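Residue numbers count from 1 along this sequence. Keep in mind the model is a prediction, meaning the values are calculated, not measured.
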Amino acid sequence: MMYLQSGGGDRIGIDEEEEEEAQYKWPPWLKPLLRTTFFVQCKVHADAHKSECNMYCLDCMDDDRHGGALCSLCLLSSHQHHRAIQIRRSSYHDVIRVSEIQKYMDIAGIQTYIINSARIVFLNERPQPRPGKGVTNTCLVCDRSLLDSFSFCSLACKINGTSKNFWRRKNTDAAAGNSDSEESSSYLHGGGAKKRVQSSSFTPSTPPRTASTTSAASHRTSKRRKGVPHRAPLGALVIQY
């Protein structure tokens, strides 16, 4: 199993077979893009006013000097005639405009969002602990809630979700989960039930009623005082002369 380390620190698991398959299916710069950390200070132009690395060159993806992420000055000085894209941020997640990324790859099935009047897609997955109420569609990879017409929430999820080994692993995990639930169910209805029966046998039973206890109870009932009688108040009398 190989892992892609995303810019946000998340690991994206990809098998070696998937790695070979993806080389022919996806652009060679896509996985390095997802591994890149953006919005850090440029090491080359640290003293410049705009030294934040939010650009990525598709032709120089293996440039060790810049680590993949470029600032605007790096782009003008060394990558002026190269294909480059700009990475933006939304809620601390890396995004890219649809108008830029769709020139170079197919983004069908990935949910898009409108931020600052521009339609964008997320680079990496954003798992949700639990879907909200009334959710009818979720990402096939990370289970994030989606609109009904989409299957993935990010570029990384589409890479994983369209691979053959992903569905093979998912079906294996589902089968393993079902077997575990069956074992726990058999324990609850088998050994667990026996333990409950054994523990209940130690509970003392209620002693039977005898004649003496019955007569004593009736005697206490007969000696119980009746309630205090309530009389009408004197104000209710009408005296006629």
Side-chain angles (χ1 to χ4, degrees), residues 1-15 18-19 21-23 25-41 52-59 61 66-72 75 83-163 165-167 169-170:
M1 170 75 70
M2 298 180 64
Y3 288 94
L4 290 178
Q5 189 75 26
S6 67
D10 299 328
R11 294 199 305 172
I12 307 169
I14 295 182
D15 291 339
E18 294 181 43
E19 184 78 16
E21 173 191 352
Q23 290 180 357
K25 187 172 184 179
W26 304 108
W29 48 261
L30 181 56
K31 290 181 181 178
L33 169 67
L34 300 180
R35 288 194 299 260
T36 302
T37 301
F38 294 95
F39 300 96
V40 295
Q41 190 177 34
E52 189 177 51
C53 296
N54 63 342
M55 308 296 296
Y56 188 82
C57 180
L58 305 183
D59 298 324
M61 54 185 178
H66 300 92
L70 305 172
C71 70
S72 57
L75 197 66
R83 298 175 302 164
I85 55 177
Q86 181 178 356
I87 305 301
R88 293 171 168 82
R89 280 233 154 167
S90 175
S91 302
Y92 303 100
H93 293 280
D94 296 336
V95 302
I96 186 173
R97 286 184 176 178
V98 172
S99 58
E100 293 187 57
I101 192 64
Q102 68 182 359
K103 299 177 184 177
Y104 308 110
M105 66 169 291
D106 180 21
I107 61 171
I110 305 176
Q111 179 162 323
T112 60
Y113 301 85
I114 297 179
I115 298 177
N116 295 332
S117 302
R119 191 169 293 275
I120 59 92
V121 292
F122 285 86
L123 267 62
N124 292 294
E125 64 181 35
R126 299 170 298 137
Q128 274 183 322
R130 62 183 65 180
K133 294 183 179 179
V135 175
T136 58
N137 185 38
T138 59
C139 177
L140 298 177
V141 177
C142 69
D143 295 329
R144 171 164 283 273
S145 57
L146 302 174
L147 298 177
D148 292 338
S149 57
F150 297 101
S151 302
F152 308 103
C153 70
S154 62
L155 300 179
C157 286
K158 183 169 183 178
I159 292 178
N160 289 334
T162 54
S163 63
N165 288 336
F166 171 79
W167 292 105
R169 289 196 308 269
K170 194 165 187 177

OG1-CH2 distance between Thr36 and Trp29, expressed to the nearest 0.5 angstrom: 11.5 Å
I'd like a table of donor-acceptor pairs (distance under 3.5 Å, sequence neighbours excluded) in which one partner is a side-chain atom from residues 132-148, with atom names and distances.
from: Thr136; atom 1: OG1; to: Asp148; atom 2: OD1; distance (Å): 2.9
from: Asn137; atom 1: ND2; to: Leu147; atom 2: O; distance (Å): 2.5
from: Asn137; atom 1: ND2; to: Phe150; atom 2: O; distance (Å): 2.8
from: Arg144; atom 1: NE; to: Arg126; atom 2: O; distance (Å): 2.6
from: Arg144; atom 1: NH2; to: Arg126; atom 2: O; distance (Å): 3.3
from: Ser145; atom 1: OG; to: Gln128; atom 2: OE1; distance (Å): 3.4

Heavy-atom side-chain proximity of Ile85 to Leu33 below 4.5 angstrom: yes
Straight-line distance of Cys157 SG to Glu125 CD, nearest 0.5 Å: 4.5 Å
Partner residues of Tyr104 under the ring pair (Phe, Tyr, Trp, His ring centres under 6.0 Å) criterion, sequence neighbours left out: none
Atom pair CD/CD1 of Gln86 and Ile96 - distance to nearest 0.5 Å: 9.0 Å
Shortest non-hydrogen contact from Thr112 toward Val121: CG2-CG1, 3.5 Å
Set of ring pair (Phe, Tyr, Trp, His ring centres under 6.0 Å) partners for Phe152, sequence neighbours left out: none
Ring pair (Phe, Tyr, Trp, His ring centres under 6.0 Å) contacts in which one or both residues fall within residues 120-149, not counting sequence neighbours: Tyr113-Phe122
Exercise: identify the closest heavy-atom pair between Asn160 and Phe166: O-CB, 3.0 Å
Expected output: side-chain Lys31 to main-chain Ile159 donor-acceptor under 3.5 Å: no
Ring pair (Phe, Tyr, Trp, His ring centres under 6.0 Å) contacts touching residues 129-148 (sequence neighbours left out): none
Heavy-atom closest pair, residues Cys57 and Leu70: CB-CD1, 3.7 Å
Closest contact, heavy atoms only, Leu34 versus Leu123: CD2-O, 3.4 Å
Nearest-0.5 Å distance that lies between atom CD in Glu52 and atom CZ in Phe38: 11.5 Å
For the student: nearest non-hydrogen atoms of Arg89 and Phe39, plus distance: CG-CE1, 3.0 Å
Any pair counted as salt bridge (charged side-chain N to carboxylate O under 4.0 Å, His left out), so long as it reaches residues 97-123, sequence neighbours left out: Arg88-Glu100, Asp106-Lys158
Distance-minimising heavy-atom pair for Ile110 and Cys153: CG2-C, 4.1 Å
Ile107 CD1 to Ile101 CD1 distance, which is reported to the nearest 0.5 Å: 7.5 Å
